[in-house]
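Accompanying notes for the structure given below.
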Amino acid sequence: MPELPEVETVRRQLEPAIVGRCIEAAEVLDERWTQPMPPSEVERALAGRTIRGVGRRGKYLILSLDDGSALVMHLRMTGNLLLCLSERDGQAPLGSMELGADDGPQLERAVSEPRHVRARMRLDDGSELLFADVRRFGQGLVLRGRELEGYLAARLGLEPLSEALTAQEIARLAAGRRAPLKSFLLDQIGIAGIGNIYADEALHRAKLHPLSPAGSLKPGDCERLRAGIVAALEAGLRMGGASVDDYRDARGGRGTMQDEFLVHTREGKPCLRCGTEITRVVVAGRSTYFCPSCQRRLRRPRRKARRRIGAR
DNA sequence: CTTTTTCCCTGGACGC
DNA sequence: TGCGTCCAGGGAAAAA
């Protein structure tokens, strides 16, 4: 599932390759992709535009265009943004290679034509930017500058790898909230970009229980959570993201973060810190993995018993 | 207001 | 081999 590290990995790959390129033509193959916008409107808005920048906000990838508008994309569960180089630039034609016994894993992309392509953009250097998505949850919208700001601001909170994320800010966001820490981290309006994988990994690093109420965090807990979030996301970035199921980077390659998971998907396996078996529970409808020994549950802060003033 | 649940969607895993 | 059922989960919307 693409989260901040996966989207940022794609962004870093695309930036040097497509900035300055003109989108000669855009084709939306699945009308769901642009909902609630009509596909034709998005196609028209993209055709002829030059890409000025490749940005990211939370899990959104943003192509800034030369007329002040932007293509805002979200990969959701199974989306992939693939940059396919033109064939005459040396890449073997798709489908022309056979699998050999000792072929590396990255050969996979040369063998198979991307499936479930929902949108395609032809660039002026002959390359193609494809949005492929099995489950069709992914989205692509074109917004004007002002609309873009509002759109993002209404959905996203702090950027966790910026100066904005401090222990004090976490404390402010969590104050008074009874929702489990796991839900707190998944809520994009608080801290943006964290999904199911990195929430588990961050909480383990911070030695916090996923079911502890967010409002139970003390200053020291907030600082450990901040550090845990940063460490988990940076580990993901170093590994080029986690390819648990469908995630591939812009070149069709896999990330390796899944080999470094401390707790996620490791139910029944020993905690790498203390050896205790990793436990799985469902929180907010999501599989949640943690070490019951390292990650102690905090008690819900009892609301101050306010004595009624003036009571006889 | 906050929190939880439901829904969207498809392919792969599993049981018979 | 084939068919039915269940599951995964980001985020929006509905329900509690």
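Order of the sequence lines fixes the chain letters, A, B, ..., with proteins taken first and strands second; residue numbering starts at 1 for each chain.
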Check: dG9(C) base within 3.5 Å donor-acceptor of Arg136(A) side chain: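 Result: no qualifying N/O pair found.
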Under-3.5 Å donor-acceptor pair between Arg135(A) side chain and dG9(C) base: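 Result: at least one qualifying N/O pair found.
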Value in whole Å for how far the [atom2] atom of [N] lies from [atom1] of [X]:
X         : N      : atom1 : atom2 : answer
Lys182(A) : dT4(B) : NZ    : C1'   : 16 Å
Ile189(A) : dC1(B) : CD1   : P     : 13 Å
Arg32(A)  : dC8(B) : CZ    : C1'   : 6 Å

Comparing Phe137(A) and Arg155(A) on DNA chain C - which has the more 5′ nearest nucleotide: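 Here Phe137(A) is the residue nearer the 5' end.
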Mind checking if [X] touches a base, just sugar-phosphate, or nothing, with heavy atoms under 4.0 Å?
X         : answer
Arg118(A) : nothing
Met77(A)  : base
Phe184(A) : nothing

Please determine, for the side chain of [X], which listed nucleotide ([options]) has the closest atom?
X         : options                  : result
Met1(A)   : dG9(C), dT4(B), dA12(C)  : dG9(C)
Lys59(A)  : dG10(C), dC9(B), dG11(B) : dG10(C)
Val134(A) : dT4(B), dT10(B), dC9(B)  : dT10(B)
His116(A) : dG10(C), dG11(B), dT3(B) : dG11(B)
Ser287(A) : dA8(C), dG11(B), dT4(B)  : dA8(C)

Heavy-atom closest pair, residues [X] and [Y]:
X         : Y         : value
Lys182(A) : Asn196(A) : NZ-OD1, 2.6 Å
Tyr151(A) : Val72(A)  : CE2-CG1, 4.4 Å
Asp221(A) : Leu208(A) : O-CD1, 3.9 Å

Aromatic ring pairing Tyr60(A)/His74(A), orientation class (parallel under 30°, perpendicular over 60°, tilted between):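 Perpendicular.
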